[in-house]
Each structure stands twice: as C-alpha cells, then as structure tokens.
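Below, chains carry the letters A, B, ... as their sequence lines are ordered, and counting in each starts from 1. Only heavy atoms go into these numbers, but all of them, side chains included; no hydrogens, no water, no symmetry mates.
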Protein chains: 2
Amino acid sequence: MGHQTETHVWDEELAPEPRGRTWRPEAGCPVEVALAAVSGRWTTLLLRELMGGPRGFTELRTLFPDLSAKVLSERLRTLRERGLVAVERRRGFPVRTRYELTRAGEALRVLLVELYATGEELLRLTTASETRDERSPGRLEA
Amino acid sequence: MGHQTETHVWDEELAPEPRGRTWRPEAGCPVEVALAAVSGRWTTLLLRELMGGPRGFTELRTLFPDLSAKVLSERLRTLRERGLVAVERRRGFPVRTRYELTRAGEALRVLLVELYATGEELLRLTTASETRDERSPGRLEA
DNA sequence: CGGGATCCTTACGGATACTG
DNA sequence: CAGTATCCGTAAGGATCCCG
C-alpha cells in the first residue's frame, strides 16, 4: 500500500513541510515540539512568571503556594533539559539560585499570547450562544 | 496575608485581565482553555485533518492506521463535548457519519499555525548551536 | 535555601474483542 | 460502517520526609 502522503492534498499553512506531514504523533513534528515545551501542569504559569525576569526557587514557591517543591523542581528540570531555562547558582550561604529563560524560552512568549487569545475566543464562542452546531450557513472555503 | 495579586506587576500582554492572573492552574484561564482544546495524543493531527473539511470515522481510521478505534472515538467525543467538532449521522445502511469542525473548532487554526512556527523556532534555537546558555550579553527588556 | 528520594493514586493511551 | 466494553501498563502529579 502506497502511503497516503503521495496523494493527500496538504494545507500549506498547517503543514508547509515534511516534518508537519505526519500520520502519527512524531517527536520531530514542530507542533509536537511546541506542545511539549508548554506541556505539564503549572508549566505555562511558570513560563509567564519567568517572562518577567529571573526568579529564585523559593521566590517561585512563594508565588505559587499550591505548587509543591517536588513538582516545581521537576518542572524546572524539564525546562532546563529542553533548553528553555538556564540556572545560575551563587555559592555561599545561604545558597542562591536564579532561574531565567534562555533565548529559546523567550521565544515562547508569542505562543503564550496566542494561547491566551485563542482561549478567550473559545470562551466567547462556546459560552455566549450555547446553540448546538455553531456552523453558519455558507462558509467552508474562505 | 494579602495575596500577591495586589502588588505583583503584570505583563499586559501575557495577562491582560483577571482570568489570566492566576496562581494556580484554573480551568477558566484562557491559556488552560486553549491548551485543553488541543491536548491529548493525536488531537492536533485530527484537527489538522478536519481543517480540510468533514471526514468520516473510517476515513480517519484509514488516514491514521496507528490510531485505534477506541482512542479515535474517545478523541472525537472529547472534541464534541468541547464544542469543537459536530457530528452528522446519515441513517440507512451502511451508516454514514461525518465529523466537521464547528466555528470554535475552526478558531483553532491560528493556534495550530502558531504552534508549528514556534516549534520550528525552537528546533532552530536548540539544535543549531548546542551551546549551553543561549543567552546573549545584554537584552532583557526590549 | 534548594532541592532529591520515596511512595502512592489517578489519568491516559493502547490492545483486544464484541455489537447495532 | 461506526462505534462501545474491558483490561492493562505506564507515566504524571501530589504528599511526605530527608539532606547538603
């Protein structure tokens, strides 16, 4: 069976190149990469906070009282591993740590803004008129 | 203790209004709403496909051979519950079903495009130069 | 101060089999 | 054709305690 890749018509906006033209969730697909970056509970909140500048561990704990130390350091480690956050440790006593976004981490700002905008749009569309089947009369192709 | 909400300086772009100014993952936060919409394995792939027009159940199964019937119908049900997808059933034999995006579902297109763009950017920034600490000398506030 | 180690519980995704 | 029902393994998130 020839794969459907050959015959399928591709939306140039949604899948401009081979990496996006996948038929399974592939780690190399840009969409998956971006989603992985912001995935996990608390992650977007942490990113939002780090967008305001470097923060310390305890500082973050104070800002997010319901976030346990374990999960916080887990999130921060993941963000480090993904190259989105960098750490700086000041020796001495007490120990000081600063977490800050890398360039890659800062690149997520646009996405966060878009997530917010889309979320608001969804809230508008789904709570305003609770009419089932929102589809308007004649519009499929713009 | 007065909550930090009163004293915290807010990024008007990241959190323009109270719903985004949360200190825990709240379901009402627009960012969470948007993330919930695209969350789950296979979800973005299904959305990408539905952006091209209505699709049938078996059609989707054929397009995604590695996606089991259980997970597919699970995803479709979730998307329906979130008001992102609508179903149309043709009676008779054999049964025909068509899944299509609602207006809310179509609103996700912009987000998918942004996810792709951000993902590519991340791939660029993290694979090109594998230098640790990507931060450039002097730039925090633009 | 800034975590790591351990344990537990639930949610998720996948495989298989069956039905209107 | 278009699903549902059942079972199962893994991973994610949280609670608690401990340590340099």
Contact class for [X] (heavy atom, under 4.0 Å): base, sugar-phosphate, or nothing?
{"X": "A/Arg77", "result": "sugar-phosphate"}
{"X": "B/Arg89", "result": "sugar-phosphate"}
{"X": "A/Gly40", "result": "sugar-phosphate"}
{"X": "B/Ser73", "result": "base"}

Return the value, rounded to whole Å, for the distance between atom [atom1] of [X] and atom [atom2] of [N].
{"X": "B/Arg61", "N": "D/dT4", "atom1": "CZ", "atom2": "P", "value": "13 Å"}
{"X": "A/Asp66", "N": "D/dA15", "atom1": "CG", "atom2": "C1'", "value": "13 Å"}
{"X": "A/Glu32", "N": "C/dG13", "atom1": "CD", "atom2": "C1'", "value": "14 Å"}
{"X": "B/Lys70", "N": "C/dA11", "atom1": "NZ", "atom2": "P", "value": "14 Å"}

Quiz prompt | Check: B/Glu114/B/Thr118 side-chain N/O donor and acceptor closer than 3.5 Å | solution = yes
Quiz item: Are B/Tyr116 and A/Glu17 close enough that a side-chain donor and a side-chain acceptor fall under 3.5 Å?
Solution: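 Side chains of B/Tyr116 and A/Glu17: pair found under 3.5 Å.
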Quiz item: Looking at A/Trp23, does the NZ or CZ of B/Arg48 lie under 6.0 angstrom from its six-membered ring centre and within 45 degrees of the ring axis?
Solution: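 Yes, cation above the ring, under 6.0 Å and within 45°.
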Measuring from the side chain of [X] (C-beta onward, heavy atoms only), which nucleotide among [options] has the closest atom?
{"X": "A/Tyr99", "options": "C/dG3, D/dG3, D/dC1", "answer": "C/dG3"}
{"X": "B/Arg75", "options": "C/dC1, C/dG20, C/dC12", "answer": "C/dC12"}
{"X": "A/Arg41", "options": "C/dG13, D/dG14, D/dG3", "answer": "D/dG14"}

Quiz item: Phosphate oxygens OP1/OP2 of C/dG2: is one of them under 4.0 Å from a side-chain N or O of A/Thr58?
Solution: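 So the side-chain polar atoms of A/Thr58 do come within 4.0 Å of the phosphate oxygens OP1 or OP2 of C/dG2, strictly under.
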